[in-house]
Engineer: 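Before we start, here is the structure in question, set down as structure tokens.
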Protein chains: 2
Amino acid sequence: MTGTTTVDATMNSFRILERLVASDEALGVTELAADVGLSKGVVHTHLNTLAELGYVTKRDRKYLASMGLLALGEDVRSHLGVFTAARRHVDNLARVTGEVSTLFVEEDGVGICVYMAHGSNDWTPEYACGTRIPLHVTAPGKAMLASLGRERVADILDERGLDAQTAETITDRNVLRGELRTIRENGISFCREEQSAGVIGVGTSIALTERAPAAAIGVCGPSSRLTGRYLEEDITGQVISTAKSIQVDLTR
Amino acid sequence: MTGTTTVDATMNSFRILERLVASDEALGVTELAADVGLSKGVVHTHLNTLAELGYVTKRDRKYLASMGLLALGEDVRSHLGVFTAARRHVDNLARVTGEVSTLFVEEDGVGICVYMAHGSNDWTPEYACGTRIPLHVTAPGKAMLASLGRERVADILDERGLDAQTAETITDRNVLRGELRTIRENGISFCREEQSAGVIGVGTSIALTERAPAAAIGVCGPSSRLTGRYLEEDITGQVISTAKSIQVDLTR
DNA sequence: GAAATTGTTTTTCAGAGCAGAACGACGGCC
DNA sequence: GGCCGTCGTTCTGCTCTGAAAAACAATTTC
């Protein structure tokens, strides 16, 4: 059925863990057992295991996800060359534009926001670091697609499709192909409410060495503020020069 | 002798996952099997399970930790009230001081750095978000200890001890108790190379509602730069006023 | 092109994971 | 303050799974 086999106990542990992670209050064994469909006894054993591993904490007879989970993500991120090189530049991009600035990488044909820096403008997208977002709906995602080989893009589109996230999402392959060509020519990509209504983004890819995954940076914000020359000249210019700075650091 | 029972398969899965997370290159089944002491066959099954869950990726016959792990940490963090309230203030603290600014919470008697913002000065501590750090060796940690009840502090010291991290670490209970009193009086704590040689920190606790864990913010940097009035007046003042801003947001 | 190495699958079986029941510790209610 | 309901924890079997070993397949190496 699943092709190859999996470890049931591990899946159960993660179901419990993910349930805790999604909750903003401590949960009891009985409630968790009902949620994941296991007996109270086993759930308790799993919780005990996760607690011993440091990923779950017990606060007066109830369990909650531990902040130790942050270390896992931070660790995997710190081993990503492009992140260590780009972080301060993305921070700076957020500082000079005042807008949310992001670093994305491609993984398994989807985009993952690896880092997000907030500018002085108090706004935040509805996705967070680690969220998987289809490549064709964001500016950095399209920039990464444009930087990939033609056959790789075809594979990704075959596997992932072009689902619509909003009314503006590009769902036609030929339209997308045309846009990728434009992106390659201009070295910049835009996302006009294709991922989320009311949100506009700008992005550009970061050329990487072999072996490394595709990567891109971006700036995004409410469409009410990101308009006209501010968007198409000021911000675009800052994004491009930031990408150049990152590349300089990367090839050192 | 683990007292209660644990799920072996889960522990094995996490041993494999943690090994991958700690590596900055893709690892093969054979190497992983040797590292964790399991047969190639099971390791393969575990990897397949973790891949299906989205925490591991396969890049040409080798496995590596997925960026999807970031989502777990980000999720648990976003459910932490003090983080959502404090983030932009900590960002701002880093902006105005130019130094690394952090948010810590207490969990199971240790401090965990929940958020770190970098200022314009290019420096970073050797710990990252998610790292567990003994409370008695950092400025925010001591601030949290000072904000806890006397009996709670005794419990923590009994359980965790006062291990020396550097030559400057406070290892004597009475000395620490005296310092905590001073911290309570002044509303500010300092860490002078007690956690890491050459690193100085300032911190202050954030008063929280019931139920919530202790929390504190801090600023840290190289001892060569953080000295004299800059440290004891400028930065200290910014830390205290930032904490006040956070409390205002929290009690809304 | 052969040989060695590595990822994947298969086989086999001890014991681990799971359900269900029993136990015990809180917390509320009268 | 004592009884009762509820929830976390432990216990008891039973089943089926997770794990070792070996066979197999797909690579890489020489």
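Just so it is clear: chains get the letters A, B, ... in the order the sequence lines come, proteins before strands, and each one is counted from 1.
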Engineer: Using a 4.0 Å heavy-atom cut-off, write out nucleotides 10-20 of chain C from 5' to 3' as B (base contacted by protein), S (sugar-phosphate only) or - (no contact).
Structural biologist: ------SSBB-
Engineer: So which pairs with a foot in residues 145-158 of chain B pass side chain to side chain donor-acceptor pair (under 3.5 Å), sequence neighbours left out?
Structural biologist: B:E106-B:R152, B:D158-B:R173
Engineer: Can you list, in residue-number order, the parts of residues 22-31 of chain A that come under 4.0 Å of DNA chain C, counting heavy atoms only?
Structural biologist: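 None - not one residue of the stretch has a heavy atom sitting under 4.0 Å from the strand.
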Engineer: Residues two or more places apart in sequence or in another chain: which of them pass salt bridge (charged side-chain N to carboxylate O under 4.0 Å, His left out) with B:D249?
Structural biologist: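 Salt bridge (charged side-chain N to carboxylate O under 4.0 Å, His left out) list for B:D249, sorted by chain: B:R88, B:R252.
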Engineer: Do any pairs count as a salt bridge (Lys or Arg N to Asp or Glu O under 4.0 Å) and have a residue in residues 73-84 of chain B, sequence neighbours left out, and if so which ones?
Structural biologist: B:E74-B:R77
Engineer: Angle class for the B:F14/A:F14 ring planes (parallel below 30°, perpendicular above 60°, tilted otherwise)?
Structural biologist: parallel
Engineer: Under the salt bridge (charged side-chain N to carboxylate O under 4.0 Å, His left out) test, which residues partner A:R15, sequence neighbours left out?
Structural biologist: none
Engineer: Quick one: list whatever passes side chain to side chain contact (heavy atoms under 4.5 Å, CB included) with B:T124, sequence neighbours left out.
Structural biologist: B:M116, B:H118
Engineer: Got a list of side-chain donor-acceptor pairs under 3.5 Å for residues 134-144 of chain A, not counting sequence neighbours?
Structural biologist:
residue : atom : partner : partner atom : Å
A:H136  : NE2  : A:D163  : O            : 2.8
A:T138  : OG1  : A:G141  : N            : 2.9
A:K142  : NZ   : A:E179  : OE2          : 2.6
A:K142  : NZ   : A:F190  : O            : 2.8
A:K142  : NZ   : A:E194  : OE1          : 2.7
A:K142  : NZ   : A:E194  : OE2          : 3.3

Engineer: Just how far, in rounded Å, is P of C:dT9 from CG of B:N48?
Structural biologist: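 Answer to the nearest Å: 8 Å.
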Engineer: Filter on ring pair (Phe, Tyr, Trp, His ring centres under 6.0 Å), then keep only pairs touching residues 24-47 of chain A, sequence neighbours left out; what's left?
Structural biologist: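 Residue pairs passing ring pair (Phe, Tyr, Trp, His ring centres under 6.0 Å), neighbours aside: none found.
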Engineer: Starting from C1' on C:dT6, measure out to CG on B:L32 and report it in whole angstrom.
Structural biologist: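 It is 12 Å, rounded to the nearest whole Å.
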Engineer: Could you tell me how far apart B:L47 (CG) and C:dT9 (C1') are, to the nearest whole angstrom?
Structural biologist: 15 Å
Engineer: Please list, chain by chain and in numerical order, all residues satisfying side chain to side chain contact (heavy atoms under 4.5 Å, CB included) with A:A164, sequence neighbours excluded.
Structural biologist: A:T169, A:T171
Engineer: Whole angstroms only, please: what is the NZ-P distance between B:K62 and C:dT8?
Structural biologist: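 That distance rounds to 11 Å.
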Engineer: Taking only side-chain N and O atoms of A:K58, does any of them lie within less than 4.0 angstrom of OP1 or OP2 on D:dT9?
Structural biologist: yes
Engineer: Does A:H44 place a side-chain N or O at less than 4.0 Å from the phosphate oxygens OP1/OP2 of D:dT9?
Structural biologist: yes
Engineer: Report the end-to-end axis angle of the helix from C:dG1-D:dC30 to C:dC30-D:dG1; each axis comes from five terminal pairs, and the value is rounded to 10°.
Structural biologist: 50°
Engineer: Ignoring backbone atoms, establish whether A:Y63 has a side-chain N or O less than 4.0 Å from OP1 or OP2 of D:dT9.
Structural biologist: yes
Engineer: Show your working on side chain to side chain donor-acceptor pair (under 3.5 Å) between A:E107 and B:S66 and close with a plain yes or no.
Structural biologist: CA-CA 8 Å; A:E107 195 179 82; B:S66 160; 2.5 Å; yes
Engineer: Side chain to side chain donor-acceptor pair (under 3.5 Å): which pairs involve residues 16-33 of chain B, sequence neighbours left out?
Structural biologist: A:Y55-B:E18, B:R19-B:D35
